[in-house]
Amino acid sequence: MTEQSTNYKNFIAAVNGFDKNYSADIDPEHYFGFPMAPVLKVESDLLDPRVQSIGYFSMEFGIAPSIYNTFKLSRPIPEENQFFTHEVFSNYWLCDYLFKIQIDKMLDIPIYGGGLGVLAGDAMKSAADLGFSVAGVGILWNKGYFKQKFWYKHGQIPEALTWDPYNYPGLIPLKNIVTIDTKEGPLHLRLWKYYVYSHDKSKACPIILLDSNCEQNAPDLRRLTDQLYRSDDVWWKIFQRAILGIGGMKALVNLGYTVDCYHLNEGHAALAIVEKYVNLPDKSEMARWRGHFIYTCHTPVAAGHDRFRIEDVGRILPEAYTQACELFGKESPSSSQINLTFMCLNNCQQVNAVAQKHGEITRLQFPDFAPKIQAITNGIHIHTWISESFAGLFDRYVSTFGDWRNHPENLAKVVELRGNEEFRRDIFLAHQVNKKNLAGVLERWKLKDNVFTIGWARRIAGYKRPALIFHNAQEILKLANEVGPVQIILSGKAHPNDDIGAAHIDEILDHIDMLNAHRNVIRVMILENYDTYFGKLLTNSVDVWLNNPLPPFEASGTSGMKAILNGVLQVTTLDGWVVEAAGSDIGWIFGYRHAGPEIGDEKHLRLDEDSTALYGVLREVMKLYYKTYKDMEVNIQSPWIDKMINCVKESAFFNTHRMVNQYSNQMWHSVPHKS
Ligand SMILES: *Cc1c(COP(=O)(O)O)cnc(C)c1O
């Protein structure tokens with residue numbers, strides 16, 4: 001037998017229920033419609049001690065198969081794994097009542113909540129494109145995050161989401177089960193795999209997903225991996241973090257992967273460090289093992305840093321684990337709490353913040369660790385987020401952009417076309433194609449492709465100030481009456497336990513309601529169940545992308561990066577990734593600017609001053625828009641088009657190919673090889 005066929009036999013032997021459920025979709029040549037060879041190659045790399053391999057731990061992965069690299073399933077995809085209809089809440093009530101948005105699409109594999117997960121998914125995709133041997137480690141959330149429903153006067157009501165992992169294309173359960181000792185008895189975790197393929201399908205990387213929903217577990221424990229970020233009780237929070245960190249390390253051992261480097265994407269995975277320590281026969285070896293751990297810190301916001309009372313940890317984890325948590329995670333010797341951020345900072349040799357500005361802020365927050373905190377700016381996966389019309393545009397100007405798919409840095413050459421009148425027209429028209437597409441999806445609401453359109457879509461969290469544009473809604477109305485009509489499209493979920501987020505949604509719904517009488521000049525709508533499909537649709541089609549977080553609390557932000565790749569201008573505060581692009585005139589920067597050694601208060605939202613600044617800048621933006629595109633005529637000399645060109649130029653940098661290469665060169669590379 002050839003090595004290839006042995007590998008294949010081993011592969012299918014590990015799949016639970018292969019003959020019954022998966023033999024029609026997996027054969028020596030095929031994996032759910034994709035080639036099998038890349039799967040066997042990466043599996044053999046991960047087992048090979050000569051190859052440097054990385055375990056990339058993340059609580060969430062937003063892989064976006066609804067828009068990219070969609071697998072095939074030979075049997076029909078069950079209805080709960082599809083997501084056809086989204087409701088809309090707009091100032092055109094009748095339409096909301098009569099219609100829903102209907103799209104034929106798959107449910108995104110529902111194991112992410114927002115930007116952190118989308119970044120993790122994009123990082124895996126670039127790792128596959130670039131041929132790194134990376135295994136993602138995450139959790140199979142049996143009920144996803146949640147399903148969002150808006151009710152007038154009640155705001156967001158979270159509903160349970162149901163999906164069927166056994167009939168989700170590309171996802172396979174393994175026979176492998178790992179077991180964690182807990183105070184509630186043994187907790188068994190089934191391993192699943194999902195493969196992330198490169199854009200040309202020649203390479204792949206697996207994501208290992210842990211699942212507590214196995215028969216061997218008591219009913220309470222079976223539900224532990226139901227809902228992502230369930231946080232009504234510390235019991236859930238600690239258990240979920242133990243599953244990711246401790247279970248994840250056991251999974252890598254169980255699979256026989258020879259991993260050199262444990263990359264913890266956010267502090268949720270910190271207990272991986274504890275698992276390594278507890279299993280060391282000689283504890284003095286821990287000093288050396290720290291060199292194998294890497295930590296990416298994603299937020300300056302307090303809620304993003306987990307703290308648990310040692311007493312609560314002791315209710316769940318055995319003595320040896322609780323002691324190790326105390327040893328590694330206490331902020332000070334007298335503290336009765338552990339802090340997972342601190343545990344990571346203390347025990348990971350390499351640490352990165354997610355933008356230059358966030359690096360500064362993280363060093364201010366954790367001065368004792370300042371010397372080892374570097375900044376590697378986030379990115380987006382070009383192939384996932386580029387629209388067809390912009391890919392077509394770059395292909396048409398091949399002598400400028402060359403092999404931009406494998407070399408996204410080539411996009412910087414767009415500046416060479418600045419004086420090319422044909423290109424200036426083409427880039428604007430490529431945008432119009434995307435805007436027409438949006439207008440088509442929202443046709444029932446009479447969205448127009450020649451009316452100035454603003455997009456805002458992201459997690460609804462206090463510091464992101466989702467309702468800023470409505471802070472003084474009369475001003476928006478004045479702009480619409482004086483300069484020209486406006487369309488505003490919003491979308492986003494608030495965490496079910498986040499009352500402030502929920503209050504913002506109520507506020508938005510109220511404002512939409514109040515604008516009902518003015519829909520001849522202003523159309524406002526909020527779309528239910530923001531996901532990567534709508535992320536892509538909106539970021540590439542609106543005229544400006546509004547990004548108004550309170551500085552300095554947006555560590556990076558990535559949705560604006562999706563927008564600039566597609567020539568969509570930014571109206572933004574100066575925070576996160578934008579600080580690094582601010583010299584390039586990618587739109588308009590407004591509002592409060594952070595400086596100095598104090599971080600400030602994330603609850604002091606500065607809504608009065610910053611909304612005033614926003615209306616001021618919007619007047620300018622709208623005037624320029626209506627000078628650029630009026631009566632279906634494009635003014636190709638308009639500075640608007642220069643800004644579009646600047647946006648595309650910046651996307652040469654703000655992508656995950658560059659980011660993953662930096663992870664490799666600046667962090668993974670310096671990890672000692674196999675020990
Ligand atoms: C890109 C994306 C995000 C992240 O947006 P930010 O600008 O970082 O807040 C969140 N959710 C979805 C579905 C996305 O596609």
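Indexing begins at 1, ligand by ligand and atom by atom, following the structure's order. What's counted below: heavy atoms across the whole structure, side chains too, no hydrogens, waters or symmetry copies.
For atom 8 (O) of ligand 1, the closest non-hydrogen atom of the protein is T558 N, 2.9 Å. At the top of the distance list for atom 7 (O) of ligand 1, counting protein heavy atoms only, stands S559 OG, 2.5 Å. The nearest protein atom to atom 9 (O) of ligand 1, hydrogens excluded, is given as K464 NZ, 2.7 Å; this is a heavy-atom distance. When only non-hydrogen protein atoms are considered, atom 11 (N) of ligand 1 lies nearest to Y530 CE2, 3.4 Å. Closest to atom 10 (C) of ligand 1, if we only count protein heavy atoms, is G115 N, 3.4 Å.
Counting the atoms of ligand 1 from 1 in the order shown, those under 4.0 Å from a heavy atom of W385 are 15 (O). Close contacts between ligand 1 and G557 involve ligand atoms 8 (O) [criterion: under 4.0 Å to a heavy atom]. Within ligand 1, the atoms closer than 4.0 Å to a non-hydrogen atom of D531 are 13 (C), numbered from 1 in the order shown.
Classified by interplanar angle (parallel below 30°, tilted 30° to 60°, perpendicular above 60°), the ring pair Y145/Y229 is perpendicular.
Only one option out of E580, H358, M659 pairs with T377 in a side chain to side chain contact (heavy atoms under 4.5 Å, CB included); it is E580.
In terms of heavy-atom proximity, F470 sits nearest to I488 at CE2-CD1, 4.3 Å.
For the pair K536 and ligand 1, no heavy-atom separation below 4.0 Å is found. Taking 4.0 Å as the cut-off, K562 counts as a neighbour of ligand 1 on heavy-atom distance.
The cationic group of K201 lies under 6.0 Å from the six-membered ring centre of F34 and within 45° of the ring axis, placing it in a cation-pi geometry.
Taking the six-membered ring for Trp, H263 and F57 have ring centres at least 6.0 Å apart. A distance of 6.0 Å or more separates the ring centres of Y195 and F32.
For residues 553-567, the pairs satisfying side-chain hydrogen bond (donor to acceptor under 3.5 Å, both in side chains) are S387-N566, R458-S559, Y463-E554, K464-E554, W545-S559, with sequence neighbours left out.
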